[in-house]
Amino acid sequence: MEAISLLTDVRDDLAGSKLPLEIAGAPLAREHARSAVEQLDDYILPRYRSLDAPLLAVVGGSTGAGKSTLVNAIVGHPVTRAGAIRPTTRQPILLHHELDRAWLENDRILPGLRRITGSVVGEDQRIPASLAGATPDASVTDSIILLQDEAVPRGIAILDAPDVDSISDENRRLAGQLLAAADLWIFVTTANRYADAVPWKLLAEAAERNVTVAVVLDRVPLGVEDEVANDLRGMLQRGGLGETEIFVVPELDLDELDMLPAIAVAPLKAWLTTLAANSDSRAAVARQTLAGVLAQLADRGDSIAIAMGEQDANGKRLAGYAEEAFAQAHDGILATVQDGTLLRGEVLARWQDFVGTGEFFRSLETGIGRLRDRIGAFFTGKPKPATHVEAAIESGLHAVVVDQAAKASEATEERWRADPAGQALAGATDLGTLSDGFSDRVATHVRAWQGDLMDIIRTEGANKRMTARMVSFGVNGVAVALMVVVFASTAGLTGLEVGIAGGSAVVGQKLLEAIFGEDAVRRLTKRAKDSLAIRCNDLLEMEKNRFLDLLATVPTEQDANRMKQESAAIRRLAREQGA
């Protein structure tokens, strides 16, 4: 059960790995992951759970090689349709002994294919064309026909697969899937085509997986059987398949039912019968193939782990572009907030109107020291409403945040589109445009920050003395003064050289000091700046996450390391099976 648990985890990890970045090697890694999941479902897990199940012998080969004719000859009567129309074998037919049916009728193997129970019917003993899928337009590649036949020895099932070089993409895909699910390959080729590239590509894969293979050399002209067989044997030896069984089927006339003479396939049928009858031989074939497939899975797991690491590195680089741009935006907002830039235009006019421009700024001409005395007189008067200043500050701060967020989005998109790994992710989406509703969210957060400041003021002014002073100025007014102090890094400067922005902050600071004292003002200012920094960060995070969310499925370094560890464990399983 420990092995099953490992293989199940590997299957889930591979199925969940998206490898979304279009970088070198990614398409191949995705295909390896897809085929590995398919093979785990179709063969590895079923075979590991049931080592004593019948062997699955898949008959595969090139177009026109004579696979269906060979299968008919093995069982001694027509069960699958051969013909001149290509592609012919569309729907795979699984021939089995009655006593092996329980192993095959459920989804133990090839769980993605529906089962259709067939029967031998008709005058000529052919399976109906509607089931065999002989018509070129039949869309039946999502199912297999289970056909019980007493001519098939118990302990082995024979699956007639589509052409490996079919003109139909679905046929080729299904043929590959069925061969990957096989314990044993019966590969059919002809005397004219055994050296073609397609057969040897598949035979090379068989060698890599250490699958038991029997090659049927079909339609060999009489008199050259040994010559052709020896040439093929030498090629197999050089290709790492020196132990491959070779069966030669001479070029013979077919009878009225398109059947080969029984003697033509007698050696192949005898070999299959002997193999099926011996439980040790069947187990040896199953273990050899399972070990080879596991070893291949481990190798592919290693290559997928490397691909995961490359995806992680590229994903981190893309994320870094976004992190850098939005960090600069955050710094830009805070710099603009604190350098006095906001204390100009409308904000400055409303602030000066609120505190009484002329009287306060004439005080600056005779020295900042007199300002505290004038503040006392200010408390006895009736200042104008602070709401105008709040509105001006809200508008100015809103514009700064939106501008910096827009610049960060544009900069990130530009760098992504200039990076091969980011181009496909960006696609046709306009990532440089701020998300819908961002402006409204900024306005909400700015108002919330102003509310934060009023809460801070109320908390700090909780004793009666401070409350009495604030009554004449109002909590809103004190909060406005605190905002003004936050908006100028020149706050606290004295002397005749202060500028307008600095002077405005000085006024605000002196007002606050008159209420709370110098130490409290420093504390209040820090809390106000921290609150603003947090809210700006929250806003920018929302926009940055538009980019980072596109990287959510990129494998991490941890994913890559986990795949490496799983591959090492699978390789140990392969050795246990005798690879």
Side-chain angles (χ1 to χ4, degrees), residues 54-61 63-101 103-105 115-135 138 140 143-163 178 182 184-190 214 216-220 247-277:
L55 294 178
L56 179 62
V58 175
V59 181
T63 301
K67 298 184 302 300
S68 297
T69 302
L70 181 73
V71 171
N72 291 339
I74 290 173
V75 296
H77 50 264
V79 291
T80 184
R81 186 173 293 252
I85 298 175
R86 303 297 180 206
T88 49
T89 307
R90 276 184 169 273
Q91 192 167 23
I93 298 175
L94 182 57
L95 296 162
H96 62 89
H97 190 278
E98 176 187 9
L99 297 178
D100 287 335
R101 179 174 179 175
W103 292 105
L104 305 168
E105 64 184 352
R115 268 54 171 173
I116 297 174
T117 301
S119 58
V120 179
V121 297
E123 210 172 69
D124 62 358
Q125 296 295 290
R126 290 185 184 276
I127 192 168
S130 59
L131 288 181
T135 54
V140 289
S143 58
I144 54 176
I145 297 172
L146 264 63
L147 191 59
Q148 179 181 312
D149 198 306
E150 296 308 306
V152 179
R154 184 182 181 187
I156 195 166
I158 300 172
L159 182 59
D160 186 16
D163 302 332
L178 297 178
L184 167 65
W185 286 10
I186 301 175
F187 197 82
V188 185
T189 187
T190 66
V216 177
L217 196 55
D218 195 17
R219 295 203 290 269
V220 180
F247 298 94
V248 177
V249 177
E251 190 168 24
L252 300 171
D253 293 333
L254 304 181
D255 65 16
E256 65 276 7
L257 294 178
D258 292 333
M259 291 289 298
L260 279 168
I263 193 171
V265 295
L268 173 61
K269 187 173 181 178
W271 181 70
L272 290 172
T273 301
T274 301
L275 183 62

> Would Ile144 and Arg115 satisfy side chain to side chain contact (heavy atoms under 4.5 Å, CB included), going step by step from the backbone distance to the final call?
Replying inline: CA-CA 5 Å; Ile144 54 176; Arg115 268 54 171 173; 4.0 Å; yes
> Given His97 and Glu150, is the side chain to side chain contact (heavy atoms under 4.5 Å, CB included) satisfied, shown in steps?
Replying inline: CA-CA 6 Å; His97 190 278; Glu150 296 308 306; 3.4 Å; yes
> Could you walk me through whether Val59 and Leu159 pass the side chain to side chain contact (heavy atoms under 4.5 Å, CB included) check?
Replying inline: CA-CA 6 Å; Val59 181; Leu159 182 59; over 6 Å; no
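A donor-acceptor contact shorter than 3.5 Å is absent between the side chain of Asp218 and the backbone of Thr190. Under the 3.5 Å distance criterion, the side-chain polar atoms of Asn72 are matched with a main-chain donor or acceptor of Val79.
Each of Asp160, Val216, Ile158 was checked for a side chain to side chain contact (heavy atoms under 4.5 Å, CB included) with Leu70, and the lone residue meeting it is Val216. With Ile156 as the partner, the side chain to side chain contact (heavy atoms under 4.5 Å, CB included) test is satisfied by one option alone out of Leu184, Leu56, Leu95: Leu184.
Every residue two or more places apart in sequence or in another chain was checked for a side-chain contact (heavy atoms from CB on, under 4.5 Å) with Asp253, and none qualifies. Legend: residues meeting side-chain contact (heavy atoms from CB on, under 4.5 Å) with Ala73, ordered by chain and number and at least two apart, are Leu260, Val265. Residues that satisfy the side-chain hydrogen bond (donor to acceptor under 3.5 Å, both in side chains) test with Arg154, not counting sequence neighbours, are absent from this structure. Checked against side-chain contact (heavy atoms from CB on, under 4.5 Å), Pro267 has the following partners two or more places apart in sequence or in another chain: Phe247. In this structure, the side-chain hydrogen bond (donor to acceptor under 3.5 Å, both in side chains) partners of Glu105, at least two apart in sequence or on a different chain, are Arg101. Thr273 meets the side-chain contact (heavy atoms from CB on, under 4.5 Å) test with Pro153, Lys269; sequence neighbours excluded.
Residues Thr69 and Asp258 have side chains that never bring a donor and an acceptor to within less than 3.5 angstrom of each other.
Atoms CG and CD1, on Leu94 and Ile116 in that order, are 12.5 Å from each other to the nearest 0.5 Å. In this structure, the separation between CG on Leu147 and CG on Leu104 is 12.0 Å, given to the nearest 0.5 Å.
Side-chain contact between Pro162 and Leu178 is present, with heavy atoms from C-beta onward closer than 4.5 Å. Using a 4.5 Å cut-off on side-chain heavy atoms (C-beta onward), Leu272 and Ile186 make contact.
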